Amino acid sequence: MAEPQATEQPAAEQATQPSEPHAHEAPDDSEDVFHPPNGAPDASSKGTMRTQRSQSEEEAENAVSFYLSALAKNTRPSADFESDLDLESPPSQSPKPAAATGKSERCPGGGVSLFFGGCSHCNAGLTSMFQKVLSPFQRTPPKPAASSVPASHLILEARPPTLPAKSAEEERKHKAQYAAIMESARRRQERDEAKKVQQESMRRKKEHSILQAQSQWTDVIIPEWRTRRATRKVLEMAWAGIPPRVRGRVWALAIGNELNITAELFEIYQARARVFLAQGNAGSSAGLEASAQLISLDISRTFPKLCMFQNDGPYFTPLQGLLGAYVFFRPDIGYVQGMSFVAGMLLLNMEPCEAFIAFANLFNRPLLRAFGRLSLPEMNAYYAVFEEFLLARLPRLHAHMATAGVRHDVHLTDWFFTGFSRALPLDLACRVWDVYFLEGDALLIRTALGIVSYFRDELLKMDFDTMMMFLKNLPETMQEERLIKCIAEIHITTREFDDALTRALAAPAGPAL
């Protein structure tokens, strides 16, 4: 591409173009210098733009026009004019502008050098120049000073002198409005303070009751467990909730150890599970022991919100060891998906050996053993027991669910087999277990009935699909005390439960309810 010539122009162009200031020819080692046109600052007005910032728009347009004419000729304005505009000198690393010979230089970016260290490639000098030329004329409106008067007081302020003054009636009206605003704010503040005081009082009362109950369990009930276990006082305290610090000890005593499992036996079966998993004998004749390889896949899905049973969590290895030991302790049952929730709940409240003993004895109880073995006749019998008591205690809800065609086995399987530990919030599930270990399997039926009773009004408005989805994924916003009350109001004695189960087992096999 032909380079621009800055020294000569054809005669025709000189005749047609308007007269422009001529550039004085500089020595070989100097740069072209422009004399500013009329109206632009010259050397005699040096420093004017530094001290006088209120220039007119016409002066700004003249300055910009002058620089545009300099850009068209690819020459540089005079040093005096640069100093008048308070412009920075070009950086030392930038290429020099084209000399009067008409030859232009190129910057490292590949563009043709213009002036002020800029070029047609990066255009940095041109941008800086225009910012400095126009900066004196860019006025920013001052920010209004922040008022020291509160917003609620403005209603009492007098109007500015340019506006009509308030009338006496308007003044009285504004004073009344201000008084109403202040009274409303005072009442709201009093309500908030009263609510905080009430919440603090309830918190302290709950802490005090927990400390008292903990002292009762530790000093009185646990040392005399055999004689006090079946008393009404212990059952009432269990319904009120066992304190977390003694919950594990009470659970272990309530579950018992009918299987006479020892710590040494736990270590033996745990070691067998480790060896088996290390060898990878999935295709051996181990039978249900091969289900131990499914444990690792299920552990990370145990109480996922706690993040304590993940691969890098503190309870991953203990839970894996407990479930693996149980698979070799009871190969007739093996591992069934969902067991990890029961074992995880126990590990959160006990040491691994105590948790294993409680876990093994829990799955020796009739209901969990039936679901662990996946015995369909026994499982259907428990579904039938629930159906019978639903009809007797909640007939309207039973009719609605029967008309919709709800299958109770879909949600009851998970509820019963995990002891509601997956369906309910963790604290609420612990409250259910506090009573379950004392009252036995009948409490699981009562809990299922208590849940549907809690959501009775909502369930009566649902269709089949909505109801099934709702029962599979219960809301987590349940009120703890209200649900416990709903469960307690479902009265089923041990004899009533046993009789209903006997009738269900004796009935001919039918479809799941």
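Since the model is a prediction, treat every value here as computed from it, not as a measurement.
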For residues [X] and [Y], report the shortest heavy-atom separation together with the two atoms involved.
| X | Y | value |
| --- | --- | --- |
| A254 | L438 | CB-CD2, 4.0 Å |
| A238 | V435 | O-CG2, 3.8 Å |
| I210 | P243 | O-CG, 3.9 Å |
| Y269 | F328 | CE2-O, 3.4 Å |
| P352 | P318 | CG-CB, 4.4 Å |
| A370 | M379 | O-CG, 4.1 Å |

What class does the angle between the rings of [X] and [Y] fall in, given that below 30° is parallel, 30 to 60° is tilted and above 60° is perpendicular?
| X | Y | value |
| --- | --- | --- |
| H411 | F386 | perpendicular |
| F363 | Y326 | tilted |
| Y383 | F371 | perpendicular |
| F470 | F455 | perpendicular |

Can we say [X] and [Y] salt-bridge, meaning some charged N sits less than 4.0 Å from an Asp/Glu carboxylate O?
| X | Y | result |
| --- | --- | --- |
| R393 | E496 | yes |
| R422 | D414 | yes |
| E207 | R204 | no |
| R203 | E200 | yes |
| E481 | K485 | no |
| E378 | R373 | no |
| E169 | K173 | no |

Can you tell me if [X] uses its side chain to pair, donor with acceptor, with the backbone of [Y] under 3.5 Å?
| X | Y | result |
| --- | --- | --- |
| R369 | N364 | yes |
| T502 | D498 | yes |
| T302 | I299 | yes |
| N349 | P244 | no |
| S215 | L211 | no |
| T403 | A399 | yes |
| N257 | I261 | yes |
| H400 | M462 | yes |
| T447 | L443 | yes |

Answer whether the closest heavy-atom distance between the side chains of [X] and [Y] falls below 4.5 Å.
| X | Y | answer |
| --- | --- | --- |
| V342 | M345 | no |
| L348 | Y315 | yes |
| Y454 | I487 | no |
| V246 | I221 | no |
| F329 | R272 | no |
| H408 | M401 | yes |
| F309 | S300 | no |
| S421 | F303 | yes |

Please round to the nearest 0.5 Å and tell me the distance separating atom [atom1] of [X] and atom [atom2] of [Y].
| X | Y | atom1 | atom2 | value |
| --- | --- | --- | --- | --- |
| H398 | L391 | NE2 | CG | 4.5 Å |
| I445 | I490 | CD1 | CD1 | 12.0 Å |
| S184 | Q189 | OG | CD | 11.5 Å |
| L394 | S453 | CG | OG | 5.0 Å |

Determine whether more than 12 heavy atoms belonging to other residues, nucleotides or ligands lie under 6.0 Å from atom [atom1] of [X].
| X | atom1 | result |
| --- | --- | --- |
| Q198 | CD | no |
| E476 | CD | no |
| R186 | CZ | yes |
| E258 | CD | no |
| E183 | CD | yes |
| E458 | CD | yes |
| R301 | CZ | yes |

* To do: Just do the side-chain contact (heavy atoms from CB on, under 4.5 Å) check on W433 and R247 with the steps written out, would you?
  => CA-CA 10 Å; W433 283 26; R247 177 168 276 154; over 6 Å; no

* Asked: Taking the six-membered ring for Trp, are the ring centroids of F416 and Y382 within less than 6.0 Å of each other?
  ->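 They do not qualify: ring centres at least 6.0 Å apart.
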
* Under 6.0 Å between ring centres, would you say that holds for F356 and F266? ->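 Yes; F266 has its ring centre under 6.0 Å from that of F356.
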
* Checking side-chain contact (heavy atoms from CB on, under 4.5 Å) for the pair F417/L367: CA distance, chi angles, key distance, verdict? -> CA-CA 8 Å; F417 189 61; L367 189 149; over 6 Å; no

Using only heavy-atom distances, determine whether the side chains of [X] and [Y] contain a donor-acceptor pair under 3.5 Å.
| X | Y | value |
| --- | --- | --- |
| W239 | D434 | no |
| D409 | T413 | no |
| T466 | D463 | yes |

* Could you walk me through whether E388 and R503 pass salt bridge (Lys or Arg N to Asp or Glu O under 4.0 Å), step by step? => CA-CA 10 Å; E388 179 179 332; R503 289 192 298 270; 2.5 Å; yes

* Asked: Do you know which of E439, E489, H491 makes side-chain hydrogen bond (donor to acceptor under 3.5 Å, both in side chains) with R446?
  ->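 The single option meeting the side-chain hydrogen bond (donor to acceptor under 3.5 Å, both in side chains) with R446 is E439.
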
* Mind running side-chain contact (heavy atoms from CB on, under 4.5 Å) on L428 and I484 for me, showing each step along the way? => CA-CA 8 Å; L428 194 47; I484 295 297; 4.2 Å; yes

* Might you work through the side-chain contact (heavy atoms from CB on, under 4.5 Å) test for M237 and W217, ending with a clear yes or no? => CA-CA 9 Å; M237 294 184 65; W217 284 103; 3.4 Å; yes

* Out of T418, I333, D298, L322, which residue meets the side chain to side chain contact (heavy atoms under 4.5 Å, CB included) rule with M339? ->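 Of all the options given, the one that passes is I333.
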
